[in-house]
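The structure displayed is predicted, hence computed values, not measured ones.
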Amino acid sequence: MPHTIHIKAFGMVAETIGSDSLEMENPGSSEALKQQLFKQFPGLKSMKFSLALDKKMIQSDTDISQGKEIALLPPFSGG
Amino acid sequence: MPHTIHIKAFGMVAETIGSDSLEMENPGSSEALKQQLFKQFPGLKSMKFSLALDKKMIQSDTDISQGKEIALLPPFSGG
Amino acid sequence: MEKERKPKNIFVQGAISPEKIAHSIAAHQSKTDIGGHSIFLGQIRADEKPEGKVIAIDYTAYEEMALEKAFEIREAIFEKYPLTCMHIYHSLGEVKVGEICLFVFTSSKHRKAAMQACDELVERIKAELPIWGKEILDTDNHVWKVNV
Amino acid sequence: MEKERKPKNIFVQGAISPEKIAHSIAAHQSKTDIGGHSIFLGQIRADEKPEGKVIAIDYTAYEEMALEKAFEIREAIFEKYPLTCMHIYHSLGEVKVGEICLFVFTSSKHRKAAMQACDELVERIKAELPIWGKEILDTDNHVWKVNV
């Protein structure tokens with residue numbers, strides 16, 4: 001049963017998307033989500049960014065279960 | 001020709017001597033000066049201290065020529 | 001019983017003032033087991049970029065994640081070094097050139113722990129906290145800050 | 001032409017106030033090539049000695065030699081690290097527990113130089129400057145401070 005996921009975006013990713021949040025149908029996994037984003041926002045393809053699920057960076061393809069908090073994080077540049 | 005030297009003393013050396021300066025006849029060298037001080041102030045024998053000539057620490061026996069500024073320096077404890 | 005530590009807010013709106021730093025230092029004078037404080041301050045540089053000269057940095061953060069991560073780093077550093085106190089403050093929003101955007105403050109009985117912990121905190125803050133700096137240029141352009 | 005550097009007075013009568021530190025920080029906000037400041041502060045600890053509890057330290061120095069040596073250290077550190085600024089302040093006379101007796105402040109374009117220079121300065125100041133601390137105890141006794 002498909003459901004909607006809410007995605008937060010930050011920094012130059014948010015700038016490229018044109019918003020700091022977006023909603024889409026859950027593609028099921030982090031890799032599928034990336035492919036979906038690249039289709040929708042081709043500008044992201046050349047950009048380095050990571051995914052965080054529930055505020056933890058993910059290192060490899062991960063299932064996106066319902067209710068997860070998803071965020072798109074370009075390289076950090078605090079300090 | 002003997003002459004008088006002026007010696008500055010600091011920290012626990014000054015405390016042991018009972019003064020922050022003293023005068024004596026020049027014994028000619030730093031080692032001879034130490035022996036003279038030990039005779040005059042036996043409390044110094046058990047004490048770690050260095051000599052500075054003209055504001056430079058000396059590492060080995062050194063002649064004390066006329067007009068040199070002589071100082072007795074216990075281990076530093078600034079900061 | 002050990003005091004339980006909870007995530008603290010590290011974010012400050014706009015620049016961090018020298019007065020805030022002075023107050024923070026003064027607040028530690030009653031802790032008479034402290035022998036050394038180590039402080040790091042990040043200040044905005046007027047860097048020349050091909051697109052223009054930096055006049056300010058506008059900071060944004062994934063705040064909830066940054067606070068969780070800062071707490072995790074804080075606990076790890078307290079575990080590793082015998083510290084009395086540790087404070088982290090980072091700006092959000094616009095900070096102009098010459099102003100301070102990061103204030104890291106560690107205190108310990110002997111100086112080495114405070115110094116080493118401060119260095120390590122600064123490295124980890126820059127590498128691990130989800131914070132982004134948008135460098136505002138004098139040409140109405142901007143570029144995204146990159147940490148090296 | 002390079003600016004010639006001359007020995008500066010590093011000594012402050014009594015404790016170093018948090019306000020003095022704030023003023024020193026604020027004075028660097030016009031230097032927009034600075035990206036990082038590193039600060040070390042030495043604070044008087046209420047150590048328990050067999051002879052009593054420390055309530056203050058009374059500092060004396062061989063001032064002329066200390067200033068010459070501080071200048072030599074300063075030049076060596078400027079030679080070794082790409083620093084924008086360097087400041088050293090040390091108390092003379094009585095400084096009470098909880099108060100600050102040493103303030104070392106380095107600034108550079110990138111943080112590493114400021115941090116490393118600050119650490120090295122503190123080590124050299126403690127090891128090489130002819131300064132002595134007499135620890136005043138709550139028993140009317142005193143002991144001479146020993147740097148480890």
Side-chain angles (χ1 to χ4, degrees), chain A residues 4-24 26 29-31 33-34 36-38 40-79, chain C residues 7 10-12 16 40-45 47 54 57-73 88-93 95 99-104 118-136 141-148:
Chain A
T4 301
I5 54 172
H6 303 267
I7 304 171
K8 293 169 189 277
F10 295 93
M12 67 196 301
V13 170
E15 187 176 61
T16 302
I17 287 175
S19 168
D20 57 8
S21 68
L22 74 159
E23 300 196 344
M24 58 166 68
N26 188 356
S29 75
S30 56
E31 268 311 309
L33 172 61
K34 274 193 176 178
Q36 180 63 37
L37 287 166
F38 290 157
Q40 207 171 333
F41 307 102
L44 290 181
K45 279 187 224 172
S46 59
M47 206 166 278
K48 241 184 102 176
F49 67 94
S50 302
L51 260 75
L53 288 184
D54 282 352
K55 307 186 194 76
K56 304 281 173 217
M57 308 278 275
I58 59 169
Q59 311 299 337
S60 54
D61 194 16
T62 304
D63 283 349
I64 299 177
S65 52
Q66 199 158 352
K68 288 279 178 198
E69 182 175 322
I70 302 161
L72 309 178
L73 312 178
F76 306 157
S77 56
Chain C
I10 65 166
F11 291 113
V12 172
I16 296 162
F40 177 80
L41 303 174
Q43 182 168 304
I44 309 295
R45 274 199 319 269
D47 278 357
V54 174
I57 295 184
D58 185 18
Y59 286 104
T60 50
Y62 183 4
E63 293 186 44
E64 305 87 337
M65 179 174 162
L67 295 182
E68 270 189 19
K69 193 73 196 174
F71 180 63
E72 189 187 311
I73 293 171
I88 302 169
Y89 300 100
H90 196 296
S91 294
L92 284 184
V95 185
E99 292 185 326
I100 289 163
C101 59
L102 173 64
F103 171 26
V104 177
C118 188
D119 285 16
E120 195 168 324
L121 266 172
V122 173
E123 295 310 312
R124 293 196 62 177
I125 287 165
K126 288 187 168 250
E128 299 177 39
L129 294 193
I131 300 174
W132 297 274
K134 186 165 81 172
E135 296 176 315
I136 313 293
N141 263 327
H142 68 261
V143 291
W144 289 92
K145 183 170 177 273
V146 176
N147 279 358
V148 280

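- For C:I131, the parts sitting under 4.5 Å from any heavy atom of chain A are the backbone and the side chain alike.
- No part of C:I125 comes within reach of chain A, as not one of its non-hydrogen atoms sits under 4.5 angstrom from that chain.
- The contact between C:A127 and chain A is made entirely by backbone atoms, counting heavy-atom distances below 4.5 Å.
- The shortest side-chain heavy-atom distance between A:E69 and C:Y62 falls under the 4.5 Å cut-off.
- C:E68 touches chain A through its side chain: at least one heavy atom from C-beta onward sits under 4.5 Å away, while N, CA, C and O do not.
- Counting only heavy atoms from C-beta outward, the side chains of C:M65 and A:K8 never approach each other to under 4.5 Å.
- Between chain A and the options C:N147, C:T60, C:V95, C:V122, heavy-atom pairs under 4.5 Å are most frequent for C:N147.
- Between A:K56 atom NZ and C:E72 atom CD the span is 5.5 Å, to the nearest 0.5 Å.
- Classification of the A:F10-C:W132 ring pair by plane angle, with boundaries at 30° and 60°, yields parallel.
- With chain C as partner, the option from A:A71, A:A14, A:P74, A:A52 having the largest number of non-hydrogen pairs under 4.5 angstrom is A:P74.
- Between chain A and the options C:C101, C:G42, C:P130, C:A61, the largest number of non-hydrogen pairs under 4.5 Å is found for C:P130.
- Considering only heavy atoms from C-beta on, C:V146 stays 4.5 Å or farther from A:S77 through its side chain.
- When each of C:H90, C:Q43, C:K69, C:K134 is checked for heavy-atom pairs under 4.5 Å with chain A, C:H90 comes out on top.
- Heavy-atom minimum distance, C:K126 versus A:F76: O-CB, 4.1 Å.
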